[in-house]
2 protein chains.
Amino acid sequence: MQKESNAKKFGAYIDRTMKIIRHNYLQKFKELGVDLTTEQWVIMDILYGQAGLSQQDLATTSFKNAPTVSRIIDLLCKKKITERKPFANDRRKHKIFLTETGIALYQKLQPSVVELRKQGWQNLEEKDYTEFVRIIGQIYANYEEQ
Amino acid sequence: MQKESNAKKFGAYIDRTMKIIRHNYLQKFKELGVDLTTEQWVIMDILYGQAGLSQQDLATTSFKNAPTVSRIIDLLCKKKITERKPFANDRRKHKIFLTETGIALYQKLQPSVVELRKQGWQNLEEKDYTEFVRIIGQIYANYEEQ
DNA sequence: TGAATATATTTGCTATGGCAACTATTGCTA
DNA sequence: TAGCAATAGTTGCCATAGCAAATATATTCA
């Protein structure tokens, strides 16, 4: 069908897999009675490990753009999951924190998320992970501006 | 950091890679002076190979849902790239076709898309593709309802 | 210092995507 | 055949995402 390393169709695999992952996270959260999207979880997950990041930091870490992070933080603040605090030496910035509520919610959901990650890796080995990260990391690198 | 095949973090790799692929397609189309999104291209690509599919067929093939396909076809029809024709024996359905304009546009863009696919596979081998499809296919399967 | 630049965030516009509800039509079956 | 269930498509609502422009604040440099 195709010769050599030419014109491989990998986009559709990546697309459909990202969609089904999001779907499974969303379903799990709904099952647990929690109104949270997968992308909101991603932000919570980062903040749990690194409290007080700026929105720009969050954008970089989550591979989202600044407006998207701004809106996700808006929604999370409305739900009392995060809060914005002033940055000491720079009044342009906010430090973002999980609230008590946010931390409790994170800890409630975390085991299910670990289960979801395990589910995704069923029938796959440790060395498959190395391979997967190598290959998809190379694809990413191939598209980065030089 | 993590033991055995437990709790692998693969979602972020998939997410950022999908985003950078979309970005590169979009930039290339803009470079060529064509107002087209990556997802619109996906639909054109399917229709070029299989003219006259129903919207439901397109949804299944593209891993999109019916409302999304409906709206993409709306946009493509506005741009005179596709057209809806009645289905012979079922008045609920439409057959979707690329117009002359759509076919010409497809043929104009197609070589650049092949180049983009090649670019994504730089520094990767034939056997990497086999591995990649096996692993990401398994992840997908792990999340499908049984 | 003051002007030009750069950075952090927000807002507006549009597209994609998920879900639920709705319409129109078809198919099934009592 | 009448009624009901299933299917195809559309529409509405909201979240994510990309891009551009706007605002506020910081930094740099002449």
Side-chain angles (χ1 to χ4, degrees), chain A residues 11 15-30 35-44 52-79 81-82 84-96, chain B residues 11 15-30 35-44 52-79 81-82 84-96:
Chain A
D15 182 41
R16 71 171 192 173
T17 305
M18 196 61 230
K19 280 176 184 159
I20 206 168
I21 292 172
R22 286 215 183 86
H23 180 79
N24 273 257
Y25 273 63
L26 206 58
Q27 286 311 112
K28 178 57 75 181
F29 295 156
K30 186 178 287 184
D35 173 35
L36 196 77
T37 67
T38 310
E39 304 313 322
Q40 289 164 13
W41 168 261
V42 167
I43 297 296
M44 288 182 69
L53 290 186
S54 72
Q55 294 186 189
Q56 188 51 58
D57 294 334
L58 279 170
T60 306
T61 308
S62 65
F63 307 106
K64 299 182 187 306
N65 56 22
T68 299
V69 169
S70 179
R71 282 157 183 143
I72 290 177
I73 298 297
D74 281 350
L75 289 172
L76 290 176
C77 286
K78 259 185 220 158
K79 297 193 227 183
I81 289 171
T82 60
R84 292 181 165 102
K85 292 187 179 174
F87 222 88
N89 308 315
D90 193 334
R91 287 193 297 168
R92 292 170 305 180
K93 290 187 183 181
H94 303 138
K95 280 176 185 276
I96 313 295
Chain B
D15 182 41
R16 71 172 191 171
T17 305
M18 197 62 231
K19 280 175 182 157
I20 207 168
I21 292 171
R22 285 214 184 85
H23 180 78
N24 273 258
Y25 273 64
L26 207 57
Q27 285 312 111
K28 178 58 74 181
F29 295 156
K30 186 179 289 184
D35 173 35
L36 196 76
T37 68
T38 310
E39 304 312 321
Q40 289 164 13
W41 167 262
V42 167
I43 296 296
M44 286 182 70
L53 289 186
S54 71
Q55 295 187 189
Q56 188 51 57
D57 295 334
L58 280 170
T60 306
T61 308
S62 65
F63 307 106
K64 299 183 188 305
N65 56 23
T68 299
V69 169
S70 180
R71 283 156 182 145
I72 291 177
I73 298 297
D74 280 351
L75 290 171
L76 290 176
C77 286
K78 258 184 221 157
K79 298 192 227 182
I81 290 172
T82 61
R84 292 179 165 103
K85 292 188 180 175
F87 222 88
N89 308 316
D90 193 335
R91 286 193 297 167
R92 293 169 305 179
K93 290 189 183 181
H94 302 137
K95 281 176 184 276
I96 314 295

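For the numbers below, each heavy atom of this structure counts, side chains included, while hydrogens, waters and symmetry mates do not. Just so it is clear: chains get the letters A, B, ... in the order the sequence lines come, proteins before strands, and each one is counted from 1.
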_Rounded interatomic separation in angstrom, taking CG from N89(A) and P from dA8(C)_ = 14 Å

*asked:* I want to check one thing: is the phosphate of dT7(C), taken as OP1 and OP2, less than 4.0 Å away from some side-chain N or O of K93(A)?
replied: no

*asked:* dG18(C), OP1 or OP2 - any side-chain N/O from N65(B) closer than 4.0 Å?
replied: yes

_Does dT16(D) have its OP1 or OP2 closer than 4.0 Å to a side-chain nitrogen or oxygen of T37(A)?_
yes

*Does dT16(C) have OP1 or OP2 sitting under 4.0 Å from an N or O in the side chain of Q40(B)?*
yes

*Reckon D90(A) touches a base, only the sugar-phosphate, or nothing at all at heavy-atom distances under 4.0 Å?*
sugar-phosphate

_So, does H23(A) get its side chain near the phosphate of dC19(C), meaning an N or O under 4.0 Å from OP1 or OP2?_
yes

*Rounding to a whole Å, what distance do you find between Q55(A):CD and dA24(D):P?*
17 Å

*asked:* I want to confirm an ordering. Mapping T68(A) and I20(A) to their closest nucleotides on DNA chain C, which one lands closer to the 5' end?
replied: T68(A)

*For atom CZ of R16(A) and atom P of dT16(C), their distance in whole Å*: 21 Å

*Return the nearest nucleotide to the side chain of P67(A); candidates are dA20(D), dT9(C), dT16(D).*
dA20(D)

*N/O donor-acceptor pair under 3.5 Å between K93(A) side chain and Q55(A) backbone*: no

Determine all donor-acceptor pairs shorter than 3.5 Å in which one atom belongs to a side chain in residues 66-78 of chain A; sequence neighbours excluded.
unit_1, atom_1, unit_2, atom_2, d
T68(A), OG1, N65(A), OD1, 2.6
D74(A), OD1, R84(A), NH1, 3.0
D74(A), OD1, R84(A), NH2, 3.0

*Take the protein atom OH of Y25(A) and the nucleotide atom C1' of dT16(D), then report the distance between them rounded to whole Å.*
17 Å

*Can a donor-acceptor pair be found between the side chains of T60(B) and D57(B) at a distance below 3.5 Å?*
no

*Within the structure, does a side-chain N or O atom of S54(B) lie under 4.0 Å from either OP1 or OP2 of dA8(D)?*
no

*asked:* Looking at the base of dT7(C), is there any donor atom on it, or on the side chain of R92(A), that sits under 3.5 Å from an acceptor on the other one?
replied: yes

_Taking 4.0 Å as the cut-off, does a side-chain nitrogen or oxygen of R84(B) come that near to OP1 or OP2 on dT10(D)?_
yes

*Could you tell me the separation between the NZ atom of K64(A) and the C1' atom of dC19(D), rounded to a whole number of Å?*
17 Å

_Let's test your reading of the model: under 3.5 Å, does the base of dG18(D) pair with the side chain of R71(A) as donor and acceptor?_
yes

_Does dT9(C) have its OP1 or OP2 closer than 4.0 Å to a side-chain nitrogen or oxygen of S70(A)?_
no

*Report yes if at least one side-chain N or O of Q56(B) is closer than 4.0 Å to OP1 or OP2 of dA6(D); otherwise report no.*
no

*Which whole-number value in Å describes the distance from I43(A) CD1 to dA15(D) P?*
15 Å

*Check: I96(A) and T82(A) side chains under 4.5 Å, non-hydrogen atoms*: yes

*Answer yes or no: is there a donor N or O on one side and an acceptor on the other, between the side chain of K19(A) and the main chain of F63(B), under 3.5 Å?*
yes

*To the nearest angstrom, how far is K30(B) atom NZ from dA15(C) atom C1'?*
13 Å

_Keeping D15(B) on the side-chain end and G11(B) on the backbone end, is there a donor-acceptor pair under 3.5 Å?_
no

_Please report the distance, rounded to the nearest Å, between NZ in K19(A) and C1' in dG18(C)._
11 Å

